[in-house]
Trainee: 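Dumping the structure here so I can ask a few things about it.
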Amino acid sequence: MQIRNPRTGIYDYDLTEFSAEQVEKIAVNLRKEQSLWWQSGLEMRIEQLQLFAAEVVKAKPELVKAIEEDTGRWSESELEVDALVQTITRWCNDAPKLLDVVPARPASIPFLEIEQQYYPYPVVGVVSPWNFPLLLSFVDAIPALLAGCALLIKPSEVTSRFVETLSVVLAKVPQLQKVLALVTGGGETGQAVTNNVDILCFTGSVATGRRVGEQCAKLFIPAFLELGGKDAAIVCADADLDIASSAICWGSMVNAGQSCMSIERVYVDSKVAEEFKQLLVAKVSNLKHNYPAIKTGQVGPVISDKQVAVIEQQFQDAKQKNARFLCGGEVVNLGGGVYCQPTVVDNITPDMLIGVEETFAPVLVIETFSSEQEAVNLANATKYGLSGAVFSQDIEKAHNIAKQLIVGGISINDTALTGFVHEAEKQSFGLSGLGGSRMGDESIRRFIRKKALLTNTGVRSPWWF
Ligand code: NAD
């Protein structure tokens with residue numbers, strides 16, 4: 001499989017496509033190794049993951065380079081490697097208290113005793129997308145490994161170059177290597193992963209998520225689906241407009257808008273709409289592409305060429321239906337890479353794709369409201385339910401609006417805080433996902449099943465014949 005470099009447009013990398021037979025063989029092996037991994041205890045698993053983190057730190061330059069070549073961006077590539085190390089450190093600290101064996105306790109029936117046991121799923125599958133290739137391949141994998149599971153990971157075919165370097169890193173941690181396998185390839189390899197695991201963590205689009213969810217239902221295995229979004233920010237008349245415009249500019253344009261929790265819609269009180277738009281458009285217009293030097297500017301190329309078609313279709317549709325582009329509105333070719341101009345659009349109507357479908361680009365639509373209820377209704381008028389933001393200097397009012405939004409996480413007077421705060425549990429509502437939270441303490445328990453050991457302490461049970 002030939003892989004495209006998003007900065008040059010050149011297909012300059014050969015990716016191995018794992019066949020269904022190869023994936024099956026790897027999974028059989030993982031299953032064999034998992035029981036020793038689990039039975040060797042949490043202390044050993046923590047030790048192995050700490051060793052892994054140390055090796056990742058040593059290999060950081062090579063890993064960053066691989067991610068950079070696949071994603072065309074620099075600071076986010078650094079951030080991904082750092083975040084992997086932080087994720088390992090955090091889970092290694094937290095896992096002992098979260099997986100602690102609960103002492104046996106008396107049941108409500110006096111002569112019975114309860115012992116609660118944990119039993120990990122043997123093989124956990126991870127299928128991840130291209131927007132944060134390393135981070136999203138490991139966000140679920142690290143707690144699952146600590147819980148005692150073996151891991152079969154398939155990153156997006158668009159951004160899998162890092163696998164080569166990571167395999168070298170893994171070879172230095174042989175016990176971990178036995179229970180952690182990365183396979184590369186496209187949808188068929190992903191299907192093979194699903195077919196051979198006991199539980200699946202999928203991050204990606206709604207369309208694929210639905211197919212994967214259906215496959216898991218047929219296989220009778222749990223699926224955790226983290227899918228797309230069309231996050232809204234509400235800006236009240238009493239908001240600090242300078243803060244709101246800076247936060248929203250960042251929250252919608254960072255990583256070229258290629259984050260699930262990107263702000264893609266803004267609803268602003270009509271009383272302050274003109275002033276807010278001016279501030280926002282000035283800030284957005286000031287952003288530059290990271291071209292020709294990767295370490296300049298703020299907005300990288302569109303990583304996946306399939307996404308380019310989605311953006312172009314939404315622009316064309318909005319233009320035909322008379323949306324007003326306050327800035328941006330074009331996809332441009334720079335040195336062979338495709339870049340989306342940072343874009344702000346108003347005069348939106350409900351039939352425009354740009355206002356309802358995920359754009360996954362540095363594109364923001366603005367509408368006005370004249371009452372809080374109208375703002376809530378507009379924000380909730382979506383099939384998605386990932387996250388959102390509310391801006392007001394009256395925190396009680398902001399909280400009251402936030403409570404009415406049908407999404408899994410809200411940032412108040414900021415954006416995308418769910419990407420930074422890992423200890424707060426959040427689920428994805430609507431078509432944005434299915435299953436328990438991947439954040440917060442409870443998330444590690446997704447990978448263990450609970451067994452009840454019930455002991456009669458020596459009495460003839462009164463219900464016997
Ligand atoms: P995608 O659905 O096209 O692909 C995701 C992964 O699924 C890839 O690894 C792909 O190879 C694999 N795949 C494709 N068909 C498959 C099949 N039938 N069975 C198993 N695997 C299969 O998504 P994408 O374009 O890579 O990623 C962008 C999407 O991901 C956006 O919608 C974005 O919002 C979403 N996303 C969500 C979150 C979240 O936490 N909610 C985070 C990041 C990205």
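Bear in mind the structure is a predicted one, so any value in this text is a computation, not a measurement. Indexing begins at 1, ligand by ligand and atom by atom, following the structure's order.
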Trainee: Is the shortest N/O to N/O distance between S428 and ligand 1 below 3.5 Å?
Mentor: no

Trainee: Run the numbers on F325 and F315 for ring-ring contact (aromatic ring centres under 6.0 Å, His included), then give the verdict.
Mentor: CA-CA 9 Å; F325 283 76; F315 279 172; 5.7 Å; yes

Trainee: Is there side-chain contact between L326 and K277, with at least one heavy-atom pair below 4.5 Å?
Mentor: yes

Trainee: Can you list everything that forms a ring pair (Phe, Tyr, Trp, His ring centres under 6.0 Å) with H289? Sequence neighbours excluded, please.
Mentor: Y339

Trainee: Nearest protein heavy-atom contact for atom 34 (O) of ligand 1: which residue, which atom, what distance?
Mentor: E358 OE2, 2.6 Å

Trainee: Between E68 and K65, does any side-chain N to carboxylate O distance fall below 4.0 Å?
Mentor: no

Trainee: Does the N or O separation between T203 and ligand 1 drop below 3.5 Å for any pair?
Mentor: no

Trainee: Report yes if some N/O of S432 lies less than 3.5 Å from some N/O of ligand 1; otherwise report no.
Mentor: no

Trainee: A cation-pi test, strictly: NZ or CZ of R73 under 6.0 Å from the centre of the six-membered ring of F132 and no more than 45 degrees from its axis. Yes or no?
Mentor: yes

Trainee: Does ligand 1 come near enough to S128 that some N or O of the ligand is less than 3.5 Å from an N or O of the residue?
Mentor: yes

Trainee: Any idea which protein heavy atom is nearest atom 23 (O) of ligand 1, and the distance to it?
Mentor: S205 N, 3.3 Å

Trainee: Taking the side chain as every heavy atom from C-beta outward, state whether V302 and Q258 have any atom pair closer than 4.5 Å.
Mentor: yes

Trainee: Please confirm whether Q258 approaches ligand 1 to less than 4.0 Å, judged on its heavy atoms.
Mentor: no

Trainee: Considering only heavy atoms from C-beta outward, does the side chain of Q307 approach that of V310 to under 4.5 Å?
Mentor: yes

Trainee: Students should be able to answer this: which protein heavy-atom is nearest to atom 17 (C) of ligand 1, and at what distance?
Mentor: G187 O, 3.7 Å

Trainee: If you measure from atom 35 (C) of ligand 1 to every heavy atom of G204, A192, P129, which option wins on shortest distance?
Mentor: G204

Trainee: Would you verify whether the NZ or CZ of R446 falls within 45 degrees of the ring axis of F224 while also being under 6.0 Å from that six-membered ring's centre?
Mentor: yes

Trainee: Is it the case that more than 12 heavy atoms not belonging to R210 sit under 6.0 Å from its CZ atom?
Mentor: no

Trainee: Closer than 4.0 Å to some heavy atom of R438 - which atoms of ligand 1 meet that?
Mentor: 40 (O)

Trainee: Starting from atom 28 (C) of ligand 1, locate the nearest protein heavy atom and write down its residue, its atom name and how far away it is, to 0.1 Å.
Mentor: F360 CE2, 3.8 Å

Trainee: Tell me the contacting part of L386 for ligand 1: side chain, backbone, both, or neither, using a 4.0 Å heavy-atom threshold, strictly below.
Mentor: side chain

Trainee: Please identify which atoms of ligand 1 are closer than 4.0 Å to at least one heavy atom of V212.
Mentor: 19 (N), 20 (C)

Trainee: Could you check atom 24 (P) of ligand 1 against the protein and tell me its nearest heavy-atom contact, residue, atom and distance included?
Mentor: W130 NE1, 3.4 Å

Trainee: What do you reckon, does K154 have a nitrogen or oxygen under 3.5 Å from a nitrogen or oxygen of ligand 1?
Mentor: yes

Trainee: Decide, yes or no, whether a salt bridge links K321 with D317 under the criterion of side-chain N to carboxylate O below 4.0 Å.
Mentor: yes

Trainee: Is K60 salt-bridged to E80, cutoff N-O under 4.0 Å?
Mentor: no

Trainee: Could you tell me the residue and atom name of the protein heavy atom closest to atom 20 (C) of ligand 1, and the distance to it rounded to 0.1 Å?
Mentor: G190 C, 3.3 Å

Trainee: Tell me which protein heavy atom sits closest to atom 11 (O) of ligand 1, plus the residue, atom name and distance to 0.1 Å.
Mentor: E157 OE1, 2.6 Å

Trainee: Should you measure from each heavy atom of L136, which atoms of ligand 1 turn up under 4.0 Å away?
Mentor: 42 (C), 43 (C)

Trainee: How does N131 reach ligand 1, by side chain, by backbone, by both or by neither, if only non-hydrogen atoms under 4.0 Å count?
Mentor: side chain

Trainee: Below 3.5 Å, N or O to N or O, backbone or side chain included: is there any such pair between T208 and ligand 1?
Mentor: yes

Trainee: So, K383 and E357, do they make that salt bridge, N to O below 4.0 Å?
Mentor: yes

Trainee: Can you name the one residue among S160, S128, S156 that meets side chain to side chain donor-acceptor pair (under 3.5 Å) with S137?
Mentor: S128

Trainee: Would you check whether G186 reaches within less than 4.0 Å of ligand 1, judged by its heavy atoms?
Mentor: yes

Trainee: Which bit of K306 gets closer than 4.0 Å to ligand 1, counting heavy atoms only: side chain, backbone, both or neither?
Mentor: neither

Trainee: Less than 6.0 angstrom separating the ring centers of F360 and W130, yes or no?
Mentor: yes

Trainee: Does the side chain of P120 come within less than 4.5 Å of F447's, by heavy atoms?
Mentor: no

Trainee: Could you tell me the residue and atom name of the protein heavy atom closest to atom 39 (C) of ligand 1, and the distance to it rounded to 0.1 Å?
Mentor: C260 SG, 3.3 Å

Trainee: Against heavy atoms of E226, which atoms of ligand 1 measure under 4.0 Å?
Mentor: 37 (C), 38 (C), 39 (C), 40 (O), 41 (N)

Trainee: Below 3.5 Å, N or O to N or O, backbone or side chain included: is there any such pair between V127 and ligand 1?
Mentor: no

Trainee: May I ask whether F202 has any heavy atom positioned less than 4.0 angstrom from an atom of ligand 1?
Mentor: yes

